[in-house]
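The structure displayed is predicted, hence computed values, not measured ones. Within every chain, numbering begins at 1; the chains are lettered A, B, ... in the order of the sequence lines, protein sequences first and strands thereafter.
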2 protein chains.
Amino acid sequence: MMNLSIAEENYIKSIYKLEEEGQEAVSTNALAGELDTKPASVTDMAKKLKEKKLIEYEKYQGINLTAEGKKAALSIIRRHRLWECFLVDKLLFSWEEVHELAEELEHVRSEKMTNRLSEFLGNPQIDPHGDPIPDAQGKMGKPRAQTPLHKAKSKRLEVVAVSDKSTALLEFLNAKGIRLGTQIDVIERYEFDNSIELKIRNQPAFTISEQVSKNIMVKPI
Amino acid sequence: MMNLSIAEENYIKSIYKLEEEGQEAVSTNALAGELDTKPASVTDMAKKLKEKKLIEYEKYQGINLTAEGKKAALSIIRRHRLWECFLVDKLLFSWEEVHELAEELEHVRSEKMTNRLSEFLGNPQIDPHGDPIPDAQGKMGKPRAQTPLHKAKSKRLEVVAVSDKSTALLEFLNAKGIRLGTQIDVIERYEFDNSIELKIRNQPAFTISEQVSKNIMVKPI
DNA sequence: AATAAAGTTTAGGTAAATCTAAATAAAAGG
DNA sequence: CCTTTTATTTAGATTTACCTAAACTTTATT
Ligand SMILES: [Mn+2]
Ligand SMILES: [Mn+2]
Ligand SMILES: [Mn+2]
Ligand SMILES: [Mn+2]
């Protein structure tokens, strides 16, 4: 496996994320948005990553990871999520604090360290946001076939993941008492703005916007 | 405290190390040697660090850290040594494996994470090589007034630190059964090459070169 | 199909951190 | 004190990862 720069790793990870979110071929603009950079910079990097055979890329046709690119992505994601577990489980950070730190820790490349960290943490299967952790071979549990709350049909639900890791969202969820494993009763869905009124045990009912509900992944219970 | 690049942090740390080793003013060449770079690059960086008021520097006169530079150095060293403790105590690495990993982990700057890591480790006072760990305020236990084995007068000694962190030396010490806390009996000192014959409990006596003995810090027992 | 709008690439630059080779200053030796 | 050696700095390039502005493609809209 080639040696990637930090910038290259961040690109690979973002391409993986956008592909996973359903983009057939990842567009220059989408990637620029995800990485908070300019489209021209993305084009530059695309040429380099193509040269290194980590992506397939033709002018104006968008980007897709090659098999090798996917392998690299999964290895970065593994490190990212394991460090998030460490920060939450061992250093007692809360889930909204760990993403940015893991964004840096993920770039320390050592298979031995990564595997020992995993073992030390008891080989966790999901990270603090409910996302699955790839194993040492790059196999990831479930490809996340999760229902967002705004599309769930059932009345009684359990929170299994959040898809947005912004401090803003996670702090909002903290304030409302919503975390992984929280059980939710849907009281009412309002069609005009797709807001949802819901209730959590021992708490008054409250309403959340579609913006929020589409980032909460749930399963029926 | 200003935001330093990884390169700047590595320079600051090396300047601190060379000052600590006794260099009145750190020379361009010494620093280039320590950082495995070229003197011309050091001159470039010296200008930048002077601009940022982290060092005192006049052309041809060598380099010294300012108070602010020292504070920055101690903060980097704190992170470095805490991560080394983590790797050895929690991930079960051996002392020759951790320096290079810590060289990268040290650049993740988060006071909160650093302090939590310290707490998680039980606020250790020394790292796996016997070096003191600065506290959150940048105070470092003892300024290392340690005797190297080749200058020790006493016959019975205890190993308290190693001053060279190269894998080569540390693996040699592993092979000989020398680690922190090991008790040594000096059997003979040979003047012609300053080699030392010594003995460790339950092991045949053996001889080490001055190259080795000057990197083993000891105290009498 | 023609045109407008949106998306993407190219051209040309900048800043950081490096390098080599040449110039210059300091130190050492006689 | 003069000269040689050693140390240091400058000048000029290179690489990586960005950027803006202009040119070019693709796509959507009349
Ligand atoms: Mn990252
Ligand atoms: Mn996560
Ligand atoms: Mn370092
Ligand atoms: Mn150490």
Side-chain angles (χ1 to χ4, degrees), chain A residues 2-15 18-19 21-65 69 72-73 76 103-104 106-109, chain B residues 2-15 18-19 21-65 69 72 76 103-104 106-107 109:
Chain A
M2 204 167 340
N3 249 18
L4 303 182
S5 69
I6 291 177
E8 289 168 336
E9 286 198 336
N10 285 332
Y11 270 87
I12 292 291
K13 196 157 59 93
S14 291
I15 295 165
L18 294 174
E19 275 189 358
E21 282 174 6
Q23 310 225 177
E24 192 47 53
V26 174
S27 75
T28 304
N29 266 0
L31 195 44
E34 180 69 28
L35 284 159
D36 196 25
T37 183
K38 294 290 181 294
S41 307
V42 172
T43 301
D44 284 350
M45 183 61 91
K47 288 175 186 165
K48 191 151 47 116
L49 295 177
K50 183 189 180 177
E51 196 55 45
K52 293 193 173 191
K53 298 194 195 302
L54 294 162
I55 62 171
E56 278 149 26
Y57 165 66
E58 295 302 332
K59 265 192 192 184
Y60 296 103
Q61 300 316 127
I63 294 171
N64 284 104
L65 291 176
I76 304 161
E103 202 56 51
E104 304 193 40
E106 70 188 357
H107 300 294
V108 180
R109 268 149 299 199
Chain B
M2 203 169 337
N3 250 20
L4 303 182
S5 69
I6 291 177
E8 288 169 335
E9 286 198 337
N10 285 333
Y11 270 87
I12 292 291
K13 195 157 58 95
S14 290
I15 296 165
L18 294 174
E19 275 189 357
E21 282 173 6
Q23 309 223 180
E24 194 47 53
V26 175
S27 76
T28 304
N29 266 0
L31 195 45
E34 179 68 27
L35 284 160
D36 196 26
T37 183
K38 294 288 180 296
S41 309
V42 172
T43 301
D44 284 351
M45 183 61 91
K47 289 175 185 163
K48 193 153 44 118
L49 295 177
K50 182 187 182 179
E51 196 55 45
K52 293 193 173 190
K53 298 193 195 303
L54 294 163
I55 62 172
E56 278 148 27
Y57 166 67
E58 295 302 331
K59 265 191 191 185
Y60 297 103
Q61 299 317 129
I63 294 171
N64 285 104
L65 290 176
I76 304 161
E103 202 57 51
E104 304 193 40
E106 71 188 358
H107 301 294
R109 267 149 298 197

ask   = Do the non-hydrogen side-chain atoms of B:S27 and B:Y60 ever get within less than 4.5 Å of each other?
value = no
note = Taking C:dA21, D:dT20, C:dT10 as options, the one with an atom nearest any side-chain atom of B:A40 is C:dA21
ask   = Would you call B:Q61 and B:E56 a side-chain contact if the rule is heavy atoms closer than 4.5 Å?
value = no
ask   = Atom CG of A:L35 and atom P of D:dC19: how far apart are they, to the nearest Å?
value = 10 Å
request  = Pull out every residue in residues 50-65 of chain A that has a heavy atom closer than 4.0 Å to any atom of DNA chain D, ordered by number, or say none.
outcome  = A:Y60
query = Out of curiosity, A:I6 CD1 to A:E8 CD, how far, rounded to the nearest 0.5 Å?
reply = 10.5 Å
ask   = Are B:T28 and D:dT9 close enough that a side-chain N or O sits under 4.0 Å from OP1 or OP2?
value = yes
inquiry  = In whole Å, I'd like the distance from the CG atom of A:D44 to the P atom of C:dG13.
reply    = 15 Å
task = Take the protein atom CE of A:M45 and the nucleotide atom P of D:dC18, then report the distance between them rounded to whole Å.
result = 6 Å
task = Could you tell me whether A:S41 contacts a base, only the sugar-phosphate backbone, or nothing, with contacts defined as non-hydrogen atoms closer than 4.0 Å?
result = base
key: Pairwise 5' ranking along DNA chain D for B:S27 and A:S5, keeping only the more 5' one   = B:S27
query = Does OP1 or OP2 of D:dT6 have a side-chain N or O of B:N29 closer than 4.0 Å?
reply = no
inquiry  = Taking side-chain contact (heavy atoms from CB on, under 4.5 Å) as the criterion, tell me which of B:L65, B:I12, B:L4 meets it with B:L49.
reply    = B:I12
ask   = Roughly how many Å is it from NE2 in B:H107 to P in C:dA16, rounded to a whole number?
value = 18 Å
request  = Whole angstrom is fine here: how far is it from CD1 in A:I6 over to C1' in D:dC18?
outcome  = 15 Å
message = With a 4.0 Å cutoff (strictly under), does any side-chain N or O of B:K47 reach OP1 or OP2 of D:dT10?
response = yes
ask   = Given atom NZ of A:K38 and atom C1' of C:dT14, what is their separation to the nearest angstrom?
value = 15 Å
query = Is it true that B:E104 and A:R109 have a side-chain N and a carboxylate O under 4.0 angstrom from each other?
reply = no
request  = Between C:dT20, D:dC19, C:dT18, spot the one nearest the side chain of A:T37, thanks.
outcome  = D:dC19
request  = Identify which one of A:L18, A:L31, A:T28 satisfies the side-chain contact (heavy atoms from CB on, under 4.5 Å) criterion when paired with A:I63.
outcome  = A:L31
request  = Indicate yes or no: does B:K13 engage B:E103 in a salt bridge with an N to O separation below 4.0 Å.
outcome  = yes
